[in-house]
Amino acid sequence: TCQWFWEVVGEFDQETKARLLQFVTGTSGVPSRGFGVLQGNDGNVRKFTIHGVSVGTCLYPRAHTCFNRIDLPMYETKEEFKEKLKLAVTMCASGFDIE
């Protein structure tokens, strides 16, 4: 899942990458000093974290912006993974949420 994540993100255009960053961290910009100083809502450094979960836990990727963490269901195929990630990021950016 982690490998698929970076492969899929590498295919995203800049706008979709910014939306993904907004989805996971609550901000669409990278800190000027890089991801190493990415902060959580408490002001402490919180690294960008990818967490694999079972599809039974959640059907779509789920973000925890307080912790800069994304929960990624372990889909059967990379295509399904790409479709669900893009949908989650797009829906979040348009004001809708997926449960």
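Values below: every heavy atom of this structure, side chains too, minus hydrogens, waters and symmetry copies.
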List the atom of [X], the atom of [Y], and the distance in Å for their closest heavy-atom pair.
X	Y	answer
His64	Asp71	NE2-OD2, 2.7 Å
Val45	Gly36	CG1-O, 3.5 Å
Val89	Arg19	CG1-CB, 3.3 Å
Leu20	Leu85	CD1-CD1, 4.1 Å
Ala63	Val24	CB-CA, 4.0 Å

Could you check whether any side-chain N or O of [X] sits under 3.5 Å from a backbone N or O of [Y], counting only pairs where one atom can act as donor and the other as acceptor?
X	Y	result
Tyr75	Leu59	yes
Asn68	Arg46	yes
Thr16	Phe12	no
Thr49	Lys47	yes

As an exercise, state the distance from [atom1] of [X] to [atom2] of [Y], rounded to the nearest 0.5 Å.
X	Y	atom1	atom2	answer
Leu38	Asn44	CG	CG	12.0 Å
Met74	Trp4	CE	CH2	11.0 Å
Glu15	Gln22	CD	CD	12.0 Å
Arg62	Ile70	CZ	CD1	11.0 Å

Check your understanding: How about Pro73 and Thr57: do any of their side-chain heavy atoms sit closer than 4.5 Å?
Key ->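 No, side chains not in contact.
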
Point to revise | Partner set under salt bridge (Lys or Arg N to Asp or Glu O under 4.0 Å) for Glu76, not counting sequence neighbours | key: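 Expected list: none.
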
Check your understanding: With sequence neighbours excluded, what pairs up with Lys78 under the salt bridge (Lys or Arg N to Asp or Glu O under 4.0 Å) test?
Key ->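 Here the qualifying residues are Glu7.
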
Is there a continuous path of hydrophobic side-chain contacts, each under 4.5 Å between heavy atoms, that joins [X] to [Y]?
X	Y	result
Val37	Val30	no
Leu21	Leu87	yes
Val55	Leu72	yes

Exercise for review: Determine, step by step, whether Cys66 and Asp42 satisfy the side-chain contact (heavy atoms from CB on, under 4.5 Å) criterion, reporting the C-alpha distance in whole Å, the side-chain angles of both residues, the deciding distance to 0.1 Å, and the verdict.
Suggested key: CA-CA 8 Å; Cys66 297; Asp42 60 1; over 6 Å; no

Review point. Within a reach of under 6.0 Å around NZ of Lys17, are more than 12 heavy atoms found that belong to other residues, nucleotides or ligands?
Key: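 Count over threshold, so yes.
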
Check your understanding: Is there any ring pair (Phe, Tyr, Trp, His ring centres under 6.0 Å) pair reaching into residues 38-58, and which pairs are they, with sequence neighbours excluded?
Key ->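 Applying ring pair (Phe, Tyr, Trp, His ring centres under 6.0 Å) to every pair that reaches into residues 38-58, excluding sequence neighbours, yields Phe35-Phe48.
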
Practice item. Return the orientation label for the Phe81 and Phe5 ring planes: parallel under 30°, perpendicular over 60°, tilted otherwise. Key: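 The arrangement is perpendicular - the two ring planes meet at more than 60°.
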
